[in-house]
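Protein chains get the first letters and strands the later ones, always in sequence-line order, with residue 1 at the start of each.
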Amino acid sequence: MESNKKYWKGLEELKQTPEFVENSKNEFAEALPIEDVLNEAGLNTVTPRRDFLKALGFGVGAVTLAACQPAPVHKAIPYLIKPEEIVPGIPNYYASTFNGHSILVKTREGRPIKVEGNPNCLLSGGRLDAQAQASVLDLYDSSRLQAPVLNGAEASWAQVDSFVKGELSKIKAGGKKIRIVSSTVNSPSTKAVIADFTAQYPTAKLVQVDAVSYTGIIQANQNSFGKAVLPHYRFDNADVIVSFGADFLGTWISPVEFTRQYTKNRAAEALERKKMSRHIQFESGMSLTGTNADARISLKPSEEGIALLNLYNALGANVPSKKLGNNAKADKAIQLAAKELLNAKGKALVVCGSNDVSTQILVNAINSLLGSYGSTIDLTNPSNQFAGNDAEFVEFINEMKRGEVDAVFFLNSNPAYSAVNTKEFTDALAKVKLRVSFADRQDETAALCQVNAPANHYLESWGDSNPVSGYYTLVQPTINPVYNTRMAEESLLTWSDAAVKEYYQYVRSNWEKTVLAQSGKTWKDVLQTGSVYMGAAPAAAVSFNRDLNAVAATIISESDALAKASVELQVYQNVAIGDGRTANNPWLQELPDPVSKVTWDNYVAIAPKYAEKLGLNEFDLVEVKSANYSVTLPVLVQPGQAAGTISIAVGYGRSKAGKAGNEVGKNAYPFLTFVNGTFQTTAAVSISKVGGTYELAQTQTHHSIEGRNIIRETTLKEYLKDPHAGSGHGAGHKTYDLWNAYEKPGQNWVMAIDLNACTGCGACIVACNAENNVPVVGRDEVRRRREMHWIRIDRYYSFNEAGKSVTEEKEIAHLEDMDNVSVVHQPMLCQHCEHAPCETVCPVLATVHSSDGLNHMAYNRCVGTRYCANNCPYKVRRFNWFNYWNDSRFDNYLNNEFTQLVLNPDVTTRSRGVMEKCSMCIQRIQAGKLQAKIEKRPLKDGDIKTACQQTCPANAIIFGDGNDPNSEVSKALKSERTYYVLEELNVQPGVGYQVKVRNTAEV
Amino acid sequence: MRSISLFSRSVVRTLILFLSLNLIGLSVTFAQSAAEGAALFKQKCTSCHALNQKVVGPALKGVHERREEAWLLKWIKNSQAMIAAGDPEAVKIYNEYNQSAMTAFPELSDDNIKSILAYIKEEGDKPAAAAAGAGAAGGEAKTEEVSNLMISGIILLIIISFLVILVLNRVITTLDKLFKKKQGIEEEEEAKVAKPSFNEQVKAFTKNKKKVFFVVLILLGVLSVVAWMGMWNTGVHQGYQPVQPIKFSHQLHAGTNQISCQYCHGGAFKSKNASIPSLNVCMNCHNYVQAREKYNGEISPEIAKIYQALDYNPDTKVYGENPKPVEWIRIHNLPDLAYFNHAQHVQVAGIQCQKCHGPIQNMEEVYQYAPLTMKWCINCHKETEVNHKGNAYYDKLIAAHEQLKKGGKVTAAVLGGLECGKCHY
């Protein structure tokens, strides 16, 4: 089906700005200096005879030297005593845990090189997000502390121990308070260690605070049901999902798990059953979740509570409310959402991203009314992923201010960076006698502490986790500590003179006493499987019977206060950097934001029409000012952003994160406000232009596709009528062969990508980085459009107006409502075309086709003409402008002996001057084939998985043998929704896409 | 008296004769049993015993003096029974050696054991010095490390200079002839005139443009051939034989002792790396194989290097705290851009190690046998038939190919073995 619908990647493309048109004509951002060479000056330069002779002499000398090179002396150093389980060249996998998700760590000769999901994992099912994929790089981060620090000087652990113990015994005698400040602790063993510590020092107490807090939900549940817990949400049980600013596919609570649950009801499997869940999103900034919604309605932060009140009333309740004054569209949508929710009673779910207790109580009331408890919300088996208490933290600062605290320990928390009022915190901290940080680097807080007792990276540690009720996972070390560090728990055990000081013994005996005793498993079982699930108690339905008048009054007054502001600010986490803990990870810094496609910076997101009104252009620097904080950041014009609002991401502006993360963007935490016992992510601000511009490194319009018809979508209604709707009835393009057809008697490697499943989260990009040694190029090079990612996720906008998509270009020009856009994410990678245009133009045959359907790229053959990139209609070829892994100008990546250890030894690091592109993880294909050959059996479907497929939380990517009619990929490609991008060019791509289906029933 | 003396003399003579005959006979039988004993000793005892020093069990020199023969017979056949029976001497020695039980040898007859004892006696009686001598003579023959390129360069230079001289000579004579022809009559007179000096000859030569051009052309041709050959061989290190930190002899281990390649290079069957064995593999044998007999009772200096690396004390049998890895020099340096997997070739294709590594079992010191060039790889892939029999992985592929090309060989190349991405990624 030829679609007339217009898709665009960025406003510059939509408006066809002169710069965009100019850029889109060139494959590379910067022209080669051919002109300079060929102009008069270049041609007229006389080479003096002496210079010529010098050059000649040097040339001859160099060639002679090169020819006479002596045989290389490379050392080969075997193990002295080889560990039995290691065979050099064969990876070992160990089960461990990252953030409560059970993982498998791939190690080669004793060094972890990749993190993969553990298929046994209850939460992820073997899928991982970008941060988990990137975590292995942090292990080798040269910005980590390499030894403990005592009073500003490097010290030994014995010195640190005697100092801390001496101080602690004095403090114990003095009887003043000891505080352990940590982000949420859900590890049973760590909790036990802290309990032991508290037993030894009775004035000690654990204060849990999360940089991005969920206290609002926890307190609301305490208020509504008497249970101060974070519920376990079950999006897989929901037919209708209405979210108010909760970015549950991107950052909210447990995004990998939620993505998995969410796509289960929306992608191929559900469509086979002729069903698809419905998702309505109300939010101010465009979030990843918003881009995936069937209907997305912009809403100011101040309108959020009011909208919820209206929804509650529309569902049949009667609480004091207020009209959504200027947002008729939202008003209409609320009524519609209410109708749909009621229809799906018992299978409906309303979630809200607010951290306000009153708002969350209201959400509880709505969910209770809809009968969600027991089906889509599980309160009986709660989640332990977040348990921070904002009020406790504020009280802790007050205690310090009053001089009541004598010792403080910072564990996985960095309040000097993430506190709302950093100055207040810093001043208060100065009054504490003993300040200890367990941070792995000298971060903002650790710099203020006398003692830095750097903890191990999780891949060097023992530990455990209990992310949701009944589910226990084990953290197992996979390498000896790279630096002279020690597990924080071991430090605490040492300082509390515990009987067992070795944390391994401690964890093991703790498990043997509790989890293993109850589950009947052995320690060895757990080391192997990585987790124990005790099963869930049947979720009980709970009833809500609180009077909501007071809650409604609070919501209305808060909303009024915020609405008075000239601009409403929404502070959010973005998918890559999150709360800023991983800011020094170059893989994550270079991962384009799923929505804005900005790398290496945060910015002020503002709606196009609103920006026009304020006289702001893209990249203009503006000052954002709240009552007690201000920052200067560049403007990013973001379609879909609610008018009158701006959004700024937290996690940036670190000053002591390390080489890669320092001074990237600006800190937005101080914009948070402490209202009614919780930190709120909204603030009243004003913005003003300060003059000057700052170019954000944005990838969105790189690799333009010239307005070709490459996205296909349909609606559920159309799809049910005709499953071929959207895909164009199997295309029917005539295929021509200029060459003799090539037999593929063995395998034919192909891929299927379901656009309806892909949420655009970007986990595949980081997984590919790790698997294929894809270099990081840095902000400046991204600006020059030289990013190296082998797989990218193209994000296309299109307009919706009055329930129909806008098709005619002249209509678009008259559109008023730039906020009402819908989004499609399309993963784009080498399509391994049968008739690959790149292959025919390569003058040196560096890229050729294989008999199993792959487009090979021989780096050592490539001479860098870049003809292939010019001829690739998908723009998926990448040119190495530098030796990124060995060039001091790219100092934030691999230029030190530690970080290079993360490289996958089975994949070449490409040199300057050659092309590279997706190989479909050929090293995995070859390894899988070899395994089958050694075992003398045919290849099985699923033996070989590409890195992107393996990590995709939405299961959007399926790879396999197209010659095997029973393989997953063959089945997927047989779907009526399958189409091939640019199939009209007769390049016969090997990657099939499945049409995006939207459940746009009535909006 | 005479008769008596005669008689006694004859008796003495016969006695002497008899005795000497007997002695000869005896020594012959003794020597025979000692030879049998030597073989048995090597076969059965050397894994735990040596003559002159403790290994796992005690040093055996003089054991026939220390113990009764009957006791020894009983002990060797079944020591555990003796210990169980509570023989005091047996229990004592059992405890002395950390209660490590000696293997029972019920298969040995009394005569066998006696011959072993005879061997021990005979060897023990030899002065220690005799055992030495053999050592030291071996090594130190430094391998000439003049590269092939240099030799061929020198040869070429000689050839070129020879050619130049030849050409010059020819030129001189032709010039002479020409001169004579032109001058005709003056020949005689001119002959008296001194021959033109070398400098003049050269000058004359340089004035003849054709000749200069010809020489330059030849020179250029020769040089470009040299350069071409040189460039083709750049980075090819066939025959590369670096000096290794330990003089490990494959000839001794793989050749003489017939130790299977897999014993030390097990990785070749499972992994891409054949892997150099870790020292714990060496210690499996060299825990007791110390080649003292060749080094005057001392441990072989090369084996001592293993102990040194492991910080192992062979006398106390204790491993120390400061092991130092052995830094071997890599001989086969395949560039990083090419991926090679041993398991594919050794395990799946069933290719002998020697196919690429040459007569490794005859190499005292290992050198690079194959050129390791891509041409070399490709040629083999073109010729080698796929080892598909009994491997279900290939069934489908082979069936399809058999259909495609009736009769032809199914080589690695046919199955895509020449595609770039198979080795370069």
Value rounded to 0.5 Å, distance of [atom1] in [X] from [atom2] in [Y]:
X        : Y        : atom1 : atom2 : result
A/Arg910 : B/Tyr425 : CZ    : OH    : 13.0 Å
A/Lys75  : B/Arg330 : NZ    : CZ    : 13.5 Å
B/Leu397 : A/Gln747 : CG    : CD    : 6.0 Å
A/Leu854 : B/Cys420 : CG    : SG    : 12.0 Å

Test log, rule side chain to side chain contact (heavy atoms under 4.5 Å, CB included), inputs B/Asn391 and A/Lys933
CA-CA 7 Å; B/Asn391 192 338; A/Lys933 286 180 200 169; 4.2 Å; yes
Quick check on [X]: does its [atom1] atom have over 12 non-hydrogen neighbours (other residues, nucleotides or ligands) under 6.0 Å away?
X        : atom1 : result
A/Arg937 : CZ    : yes
A/Tyr867 : OH    : no
A/Glu85  : CD    : yes
A/Glu935 : CD    : yes
B/Trp232 : CH2   : no
B/Tyr369 : OH    : no

Top contributor to chain B contacts, counting heavy-atom pairs under 4.5 Å, from [options]:
options                               : result
A/Ala846, A/Ser911, A/Pro88, A/Pro905 : A/Pro88
A/Ile934, A/Asp852, A/Asn772          : A/Ile934
A/Lys929, A/Met857, A/Arg861          : A/Lys929

Which answer fits [X], side chain, backbone, both or neither, if we ask what part of it has an atom under 4.5 Å from a heavy atom of chain B?
X        : answer
A/Ser919 : neither
A/Gln931 : neither
A/Gln926 : side chain

Give me the atom names and distance for the closest heavy-atom approach of A/Ala76 to B/Ile276.
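Answer, listing the atom of A/Ala76 first, then B/Ile276: CB-CD1, 3.5 Å.
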Do [X] and [Y] make a side-chain contact, defined as non-hydrogen atoms from C-beta onward lying under 4.5 Å apart?
X        : Y        : value
B/Leu279 : A/Ile81  : no
A/Gln923 : B/Tyr339 : no
B/His424 : A/Asn860 : yes
B/Asp336 : A/Thr909 : no

All pairs passing side-chain hydrogen bond (donor to acceptor under 3.5 Å, both in side chains) where residues 266-280 of chain B contributes a residue, at least two apart
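Sorted result for residues 266-280 of chain B: A/Asp906-B/Lys272, B/Ser278-B/Asn280.
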So what's closer than 4.5 Å to chain A heavy atoms on B/Pro245: side chain, backbone, both or neither?
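For B/Pro245, neither part sits under 4.5 Å from chain A.
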Between B/Gln344 and chain A, which part of the residue has a heavy atom less than 4.5 Å away: side chain, backbone, both or neither?
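Both backbone and side chain.
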Close contacts, residues 318-327 of chain B versus chain A, judged by heavy atoms under 4.5 Å
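The stretch touches chain A at B/Pro323, B/Lys324, B/Pro325, B/Val326, B/Glu327.
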Return yes if some donor-acceptor pair links the side-chain N/O of B/Glu419 with the main-chain N/O of A/His856 below 3.5 Å, else return no.
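Checked: no pair found.
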Is the backbone of B/Leu337 close enough, under 3.5 Å, to the side chain of A/Thr908 for a donor and an acceptor to pair up by distance?
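Side chain of A/Thr908 to backbone of B/Leu337: no pair is present.
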